[in-house]
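Letters A, B, ... mirror the listed sequences (proteins, then strands); counts begin at 1.
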Number of protein chains: 2
Amino acid sequence: MTTAAPYQLARAAALFHALSDETRLAALALLQDGERCVCELQEPLGARQSRLSFHLKVLKDAGLVRDRREGRWAYYSLDLDVLREAAGALASLGAIVPAAARPPRLPVVLTGCCA
Amino acid sequence: MTTAAPYQLARAAALFHALSDETRLAALALLQDGERCVCELQEPLGARQSRLSFHLKVLKDAGLVRDRREGRWAYYSLDLDVLREAAGALASLGAIVPAAARPPRLPVVLTGCCA
DNA sequence: CTAACGTATCAAGAATTCTTGTTGTGTCAA
DNA sequence: TTGACACAACAAGAATTCTTGATACGTTAG
(Lines give C-alpha, C1' and ligand atoms only; values in the text may rest on other atoms or scores of the structure.)
Protein backbone atom coordinates (compact mmCIF):
# COMPACT_ATOMS: atom_id res chain seq x y z
CA MET A 1 0.00 0.00 0.00
CA THR A 2 1.44 3.26 -1.10
CA THR A 3 -1.37 5.79 -1.12
CA ALA A 4 -3.39 5.28 2.03
CA ALA A 5 -2.86 8.80 3.27
CA PRO A 6 -5.42 10.63 1.10
CA TYR A 7 -8.29 8.48 2.24
CA GLN A 8 -7.45 8.70 5.87
CA LEU A 9 -7.09 12.43 5.64
CA ALA A 10 -10.45 12.80 3.97
CA ARG A 11 -12.08 10.67 6.61
CA ALA A 12 -10.39 12.55 9.43
CA ALA A 13 -11.36 15.86 7.88
CA ALA A 14 -14.98 14.71 7.68
CA LEU A 15 -14.95 13.66 11.31
CA PHE A 16 -13.49 16.95 12.44
CA HIS A 17 -15.96 18.84 10.35
CA ALA A 18 -18.80 17.10 12.14
CA LEU A 19 -17.16 18.13 15.40
CA SER A 20 -16.61 21.71 14.34
CA ASP A 21 -19.92 23.15 15.44
CA GLU A 22 -20.97 24.24 18.91
CA THR A 23 -24.47 22.89 18.67
CA ARG A 24 -23.21 19.52 17.56
CA LEU A 25 -20.61 19.36 20.31
CA ALA A 26 -23.27 20.25 22.86
CA ALA A 27 -25.46 17.49 21.47
CA LEU A 28 -22.66 14.97 21.79
CA ALA A 29 -22.10 16.12 25.36
CA LEU A 30 -25.74 15.53 26.17
CA LEU A 31 -25.52 12.03 24.75
CA GLN A 32 -22.71 11.13 27.09
CA ASP A 33 -24.90 9.54 29.69
CA GLY A 34 -26.74 7.50 27.16
CA GLU A 35 -29.38 7.54 24.52
CA ARG A 36 -31.64 10.57 24.25
CA CYS A 37 -34.85 11.30 22.49
CA VAL A 38 -34.74 14.16 20.00
CA CYS A 39 -37.42 15.99 21.90
CA GLU A 40 -35.27 15.98 25.02
CA LEU A 41 -32.44 17.67 23.19
CA GLN A 42 -34.25 20.60 21.66
CA GLU A 43 -34.58 22.78 24.72
CA PRO A 44 -31.11 22.34 26.24
CA LEU A 45 -29.55 22.93 22.84
CA GLY A 46 -31.73 25.89 22.06
CA ALA A 47 -32.37 24.46 18.65
CA ARG A 48 -35.75 23.97 17.13
CA GLN A 49 -36.79 20.80 15.39
CA SER A 50 -35.56 21.48 11.92
CA ARG A 51 -32.19 22.81 12.92
CA LEU A 52 -31.58 20.04 15.41
CA SER A 53 -32.54 17.46 12.85
CA PHE A 54 -30.01 18.93 10.46
CA HIS A 55 -27.19 18.78 12.97
CA LEU A 56 -28.06 15.29 14.11
CA LYS A 57 -27.90 14.22 10.50
CA VAL A 58 -24.42 15.67 10.13
CA LEU A 59 -23.33 13.72 13.19
CA LYS A 60 -25.00 10.59 11.94
CA ASP A 61 -23.49 10.86 8.47
CA ALA A 62 -20.07 11.10 10.08
CA GLY A 63 -20.88 8.03 12.13
CA LEU A 64 -20.53 9.77 15.46
CA VAL A 65 -24.06 8.93 16.52
CA ARG A 66 -26.57 6.22 15.79
CA ASP A 67 -30.29 6.66 15.69
CA ARG A 68 -33.07 4.33 16.64
CA ARG A 69 -36.68 4.82 15.81
CA GLU A 70 -39.32 3.85 18.34
CA GLY A 71 -42.88 4.66 17.55
CA ARG A 72 -42.99 8.28 16.75
CA TRP A 73 -39.85 9.07 18.68
CA ALA A 74 -36.27 8.97 17.58
CA TYR A 75 -33.44 8.19 19.95
CA TYR A 76 -29.83 9.09 19.34
CA SER A 77 -26.75 7.72 21.03
CA LEU A 78 -22.99 8.15 20.81
CA ASP A 79 -20.81 5.80 18.85
CA LEU A 80 -17.74 5.71 21.04
CA ASP A 81 -15.73 3.77 18.50
CA VAL A 82 -15.99 6.60 16.02
CA LEU A 83 -15.16 9.12 18.72
CA ARG A 84 -12.06 7.07 19.37
CA GLU A 85 -11.33 7.02 15.68
CA ALA A 86 -11.19 10.81 15.81
CA ALA A 87 -8.94 10.65 18.85
CA GLY A 88 -6.72 8.27 16.91
CA ALA A 89 -6.43 10.71 14.04
CA LEU A 90 -5.37 13.38 16.47
CA ALA A 91 -2.91 11.02 18.09
CA SER A 92 -1.36 10.22 14.73
CA LEU A 93 -0.60 13.92 14.37
CA GLY A 94 1.43 13.78 17.54
CA ALA A 95 -1.20 14.86 20.05
CA ILE A 96 -0.32 11.98 22.34
CA VAL A 97 3.18 10.86 21.55
CA PRO A 98 5.26 13.40 19.63
CA ALA A 99 6.54 12.14 16.32
CA ALA A 100 10.11 12.61 17.51
CA ALA A 101 9.55 9.96 20.15
CA ARG A 102 7.98 7.44 17.79
CA PRO A 103 9.45 5.02 15.31
CA PRO A 104 9.94 6.90 12.04
CA ARG A 105 7.38 6.60 9.27
CA LEU A 106 8.16 6.68 5.58
CA PRO A 107 10.43 9.67 5.14
CA VAL A 108 9.04 12.54 3.12
CA VAL A 109 11.59 14.27 0.99
CA LEU A 110 10.96 17.96 0.95
CA THR A 111 12.45 20.26 -1.60
CA GLY A 112 12.10 23.98 -1.54
CA CYS A 113 13.77 27.27 -2.03
CA CYS A 114 15.36 27.62 1.38
CA ALA A 115 18.05 25.05 0.73
CA MET B 1 -18.36 28.64 38.07
CA THR B 2 -21.63 27.77 36.50
CA THR B 3 -21.37 28.56 32.82
CA ALA B 4 -18.01 27.36 31.63
CA ALA B 5 -19.44 25.08 28.98
CA PRO B 6 -20.27 27.65 26.25
CA TYR B 7 -16.72 28.95 26.07
CA GLN B 8 -15.12 25.56 25.99
CA LEU B 9 -17.48 24.43 23.30
CA ALA B 10 -16.71 27.44 21.16
CA ARG B 11 -13.00 26.89 21.57
CA ALA B 12 -13.29 23.20 20.80
CA ALA B 13 -15.43 23.91 17.76
CA ALA B 14 -12.82 26.38 16.51
CA LEU B 15 -10.06 23.82 16.96
CA PHE B 16 -11.99 21.13 15.13
CA HIS B 17 -12.82 23.53 12.37
CA ALA B 18 -9.13 24.18 11.82
CA LEU B 19 -8.68 20.43 11.65
CA SER B 20 -11.56 19.88 9.27
CA ASP B 21 -9.71 20.34 6.01
CA GLU B 22 -7.59 17.84 4.16
CA THR B 23 -4.94 20.30 3.10
CA ARG B 24 -4.55 21.53 6.64
CA LEU B 25 -4.34 18.03 8.05
CA ALA B 26 -1.71 17.17 5.48
CA ALA B 27 0.21 20.28 6.47
CA LEU B 28 0.11 19.28 10.11
CA ALA B 29 1.31 15.82 9.18
CA LEU B 30 4.28 17.31 7.34
CA LEU B 31 5.15 19.37 10.38
CA GLN B 32 5.37 16.31 12.56
CA ASP B 33 9.09 15.91 12.21
CA GLY B 34 9.74 19.52 12.97
CA GLU B 35 9.69 23.00 11.62
CA ARG B 36 9.23 23.49 7.89
CA CYS B 37 9.68 26.37 5.55
CA VAL B 38 6.57 27.40 3.62
CA CYS B 39 8.34 26.75 0.34
CA GLU B 40 8.95 23.14 1.34
CA LEU B 41 5.26 22.57 1.93
CA GLN B 42 3.85 23.86 -1.33
CA GLU B 43 4.73 20.97 -3.56
CA PRO B 44 3.84 18.05 -1.28
CA LEU B 45 0.53 19.73 -0.44
CA GLY B 46 -0.23 20.60 -4.02
CA ALA B 47 -1.13 24.08 -2.93
CA ARG B 48 0.21 27.24 -4.40
CA GLN B 49 1.48 30.12 -2.36
CA SER B 50 -1.73 32.00 -1.79
CA ARG B 51 -3.82 29.01 -0.90
CA LEU B 52 -1.20 27.55 1.40
CA SER B 53 -0.81 30.87 3.12
CA PHE B 54 -4.55 30.95 3.74
CA HIS B 55 -4.60 27.50 5.31
CA LEU B 56 -1.53 28.15 7.41
CA LYS B 57 -3.24 31.24 8.73
CA VAL B 58 -6.28 29.22 9.73
CA LEU B 59 -4.03 26.81 11.61
CA LYS B 60 -2.14 29.65 13.21
CA ASP B 61 -5.27 31.49 14.28
CA ALA B 62 -6.42 28.32 15.99
CA GLY B 63 -3.06 28.09 17.69
CA LEU B 64 -2.19 24.73 16.18
CA VAL B 65 0.98 26.03 14.59
CA ARG B 66 3.48 28.78 15.27
CA ASP B 67 5.36 30.72 12.68
CA ARG B 68 8.81 32.14 12.74
CA ARG B 69 10.20 34.58 10.23
CA GLU B 70 13.80 34.26 9.13
CA GLY B 71 15.00 36.55 6.44
CA ARG B 72 12.67 36.09 3.56
CA TRP B 73 11.52 32.68 4.66
CA ALA B 74 8.78 31.70 7.05
CA TYR B 75 8.96 28.56 9.12
CA TYR B 76 6.00 26.85 10.66
CA SER B 77 5.93 24.30 13.44
CA LEU B 78 3.35 22.34 15.41
CA ASP B 79 2.17 23.43 18.79
CA LEU B 80 1.72 20.09 20.48
CA ASP B 81 0.05 21.61 23.51
CA VAL B 82 -2.82 22.83 21.39
CA LEU B 83 -3.02 19.49 19.62
CA ARG B 84 -3.34 17.94 23.05
CA GLU B 85 -5.99 20.48 23.91
CA ALA B 86 -8.02 19.13 21.00
CA ALA B 87 -7.42 15.60 22.18
CA GLY B 88 -8.61 16.66 25.61
CA ALA B 89 -11.84 18.02 24.16
CA LEU B 90 -12.42 14.72 22.46
CA ALA B 91 -11.62 12.84 25.64
CA SER B 92 -14.14 14.90 27.55
CA LEU B 93 -16.81 13.65 25.16
CA GLY B 94 -16.00 10.12 26.15
CA ALA B 95 -13.50 9.22 23.45
CA ILE B 96 -11.09 7.81 26.01
CA VAL B 97 -13.03 6.90 29.09
CA PRO B 98 -16.76 6.50 28.55
CA ALA B 99 -18.87 8.82 30.67
CA ALA B 100 -20.49 5.82 32.32
CA ALA B 101 -17.12 4.85 33.79
CA ARG B 102 -16.31 8.31 35.08
CA PRO B 103 -17.40 10.22 38.15
CA PRO B 104 -20.66 11.95 37.30
CA ARG B 105 -20.69 15.59 36.29
CA LEU B 106 -23.43 18.04 37.09
CA PRO B 107 -26.62 16.29 36.17
CA VAL B 108 -28.56 17.75 33.27
CA VAL B 109 -32.27 17.56 33.68
CA LEU B 110 -33.91 16.80 30.39
CA THR B 111 -37.55 17.31 29.75
CA GLY B 112 -39.29 16.29 26.59
CA CYS B 113 -42.33 14.78 25.07
CA CYS B 114 -41.41 11.12 25.38
CA ALA B 115 -42.03 10.97 29.09
C1' DC C 1 -61.08 7.57 10.37
C1' DT C 2 -59.34 11.67 11.67
C1' DA C 3 -56.57 14.78 14.08
C1' DA C 4 -52.45 15.81 16.57
C1' DC C 5 -47.87 14.72 17.13
C1' DG C 6 -42.70 13.81 16.43
C1' DT C 7 -39.53 13.77 13.09
C1' DA C 8 -37.19 13.97 8.51
C1' DT C 9 -36.68 16.35 4.36
C1' DC C 10 -36.84 19.94 1.16
C1' DA C 11 -36.35 24.62 -0.71
C1' DA C 12 -34.58 29.20 -0.55
C1' DG C 13 -31.85 32.56 1.31
C1' DA C 14 -28.02 33.96 4.55
C1' DA C 15 -23.64 33.26 6.13
C1' DT C 16 -19.29 31.30 6.06
C1' DT C 17 -15.36 29.31 3.96
C1' DC C 18 -12.40 28.38 0.17
C1' DT C 19 -9.99 29.45 -4.21
C1' DT C 20 -7.65 32.28 -7.44
C1' DG C 21 -5.38 36.11 -8.98
C1' DT C 22 -3.37 40.50 -7.57
C1' DT C 23 -0.98 43.65 -4.84
C1' DG C 24 2.00 45.01 -1.02
C1' DT C 25 6.05 44.41 2.06
C1' DG C 26 10.36 43.10 3.65
C1' DT C 27 14.78 40.84 2.31
C1' DC C 28 18.57 39.55 -0.22
C1' DA C 29 21.77 39.60 -4.29
C1' DA C 30 23.91 41.95 -7.90
C1' DT D 1 19.79 50.95 -6.00
C1' DT D 2 17.46 47.95 -8.53
C1' DG D 3 15.39 43.65 -9.37
C1' DA D 4 14.06 39.10 -7.99
C1' DC D 5 12.26 36.55 -4.41
C1' DA D 6 9.27 34.61 -0.38
C1' DC D 7 5.53 35.51 1.77
C1' DA D 8 1.13 37.83 3.69
C1' DA D 9 -3.02 40.12 2.75
C1' DC D 10 -6.62 41.56 -0.01
C1' DA D 11 -10.55 41.32 -3.30
C1' DA D 12 -13.97 38.97 -5.84
C1' DG D 13 -16.23 34.99 -7.16
C1' DA D 14 -17.31 29.94 -6.31
C1' DA D 15 -18.59 26.54 -3.28
C1' DT D 16 -20.16 24.85 0.92
C1' DT D 17 -22.67 25.02 5.12
C1' DC D 18 -26.19 26.72 8.06
C1' DT D 19 -30.82 28.57 9.17
C1' DT D 20 -35.64 29.00 8.63
C1' DG D 21 -40.04 27.89 7.29
C1' DA D 22 -42.86 24.63 4.69
C1' DT D 23 -44.19 20.16 3.58
C1' DA D 24 -44.34 15.18 3.86
C1' DC D 25 -44.57 10.80 6.45
C1' DG D 26 -45.35 7.44 9.81
C1' DT D 27 -47.50 6.82 14.49
C1' DT D 28 -50.57 7.16 18.11
C1' DA D 29 -54.83 8.93 20.47
C1' DG D 30 -59.47 9.90 20.25
Side-chain angles (χ1 to χ4, degrees), chain A residues 9-28 30-31 35-62 64-77 110-115, chain B residues 9-28 30-31 35-62 64-77 110-115:
Chain A
L9 285 185
R11 168 65 176 149
L15 278 176
F16 291 131
H17 167 254
L19 292 166
S20 72
D21 176 277
E22 250 182 286
T23 300
R24 293 196 287 267
L25 288 179
L28 293 175
L30 285 174
L31 293 178
E35 192 176 67
R36 291 295 175 198
C37 174
V38 169
C39 63
E40 291 178 298
L41 299 174
Q42 286 180 218
E43 196 202 303
L45 293 178
R48 279 187 262 101
Q49 198 274 312
S50 182
R51 193 162 84 92
L52 179 51
S53 199
F54 169 80
H55 286 298
L56 288 173
K57 179 164 165 41
V58 173
L59 289 172
K60 186 179 147 194
D61 288 347
L64 287 161
V65 300
R66 294 182 221 282
D67 67 336
R68 181 175 69 85
R69 210 65 205 245
E70 188 176 318
R72 52 181 167 179
W73 293 293
Y75 293 89
Y76 283 79
S77 56
L110 300 180
T111 56
C113 50
C114 55
Chain B
L9 287 184
R11 168 64 176 152
L15 278 177
F16 291 131
H17 168 254
L19 292 166
S20 72
D21 177 277
E22 250 183 286
T23 301
R24 292 195 288 266
L25 287 179
L28 293 175
L30 285 173
L31 294 179
E35 192 176 67
R36 291 294 175 200
C37 174
V38 169
C39 63
E40 291 177 298
L41 299 175
Q42 286 181 217
E43 197 202 303
L45 293 178
R48 280 187 263 100
Q49 197 274 312
S50 182
R51 192 162 86 93
L52 179 51
S53 198
F54 169 80
H55 286 298
L56 288 173
K57 180 165 166 35
V58 173
L59 290 172
K60 187 180 146 195
D61 287 349
L64 286 161
V65 301
R66 294 182 222 282
D67 66 336
R68 180 174 70 84
R69 210 65 205 248
E70 188 175 321
R72 49 180 170 180
W73 294 294
Y75 293 90
Y76 282 80
S77 55
L110 301 180
T111 56
C113 49
C114 54

Atom-to-atom span, NZ of B:Lys60 to P of D:dC7 - whole angstrom: 14 Å
If you check every side-chain atom of A:Ala74, which of D:dC18, C:dT7, D:dC7 has the closest atom? C:dT7
Can you tell me how far C1' of C:dA11 sits from CZ of A:Phe54, to the nearest Å? 14 Å
To the nearest angstrom, the CG-C1' distance between A:Leu41 and C:dG6 comes to 13 Å
Rounded to whole Å, the CZ-P distance (B:Arg48 to C:dC18) equals 17 Å
From B:Leu41 CG over to B:Leu52 CG, what is the distance, rounded to the nearest 0.5 angstrom? 6.0 Å
Indicate the atoms forming the closest heavy-atom contact of B:Leu25 with A:Ala13, along with that distance. CD1-N, 3.5 Å
Can B:Arg24 and B:Glu22 be counted as an ion pair, charged N to O under 4.0 angstrom? no
Using whole Å, report how far CG of A:Leu56 lies from C1' of D:dT19. 15 Å
Quickly work out the A:Leu52 CG to D:dT20 P distance and round it to whole Å. 13 Å
Using a cut-off of strictly less than 4.0 Å, decide whether A:His55 has a side-chain nitrogen or oxygen near OP1 or OP2 of D:dT17. no
So what does A:Cys114 touch, heavy atoms closer than 4.0 Å: a base, only the sugar-phosphate, or nothing? nothing
Heavy-atom nearest nucleotide on DNA chain C for A:Tyr75 versus B:Arg24: which residue maps closer to 5'? A:Tyr75
Interatomic distance, B:Arg51 CZ vs D:dA15 C1' [rounded to whole Å]: 13 Å
Assign each of B:Cys39 and A:Val58 the nucleotide of DNA chain D bearing its closest heavy atom; nearer the 5' end lies the nucleotide of B:Cys39
If only side-chain N and O atoms of B:Tyr76 are considered, is one of them under 4.0 Å from the OP1 or OP2 phosphate oxygen of D:dA6? no
So, is A:His17 close to the C:dT17 phosphate, meaning a side-chain N or O under 4.0 Å from OP1 or OP2? no
Between A:Gln42 (side chain only) and A:Cys39 (backbone N and O only), is there a donor and an acceptor less than 3.5 Å apart? no
Give me the atom names and distance for the closest heavy-atom approach of B:Leu31 to B:Tyr76. CD2-O, 3.3 Å
Would you kindly give the CG-to-P distance between A:Asp21 and D:dT19, to the nearest whole Å? 6 Å
Just by modelled atom types, is the A:Ser50 backbone N or O under 3.5 Å from a matching donor or acceptor in the A:Ser53 side chain? no
What N/O pairs connect the protein and nucleotides 22-30 of chain C at under 3.5 Å? Give each pair on its own line.
none

Over all atoms of both residues, closest heavy-atom pair of B:Leu64 and B:Ala18: CD1-CB, 3.7 Å
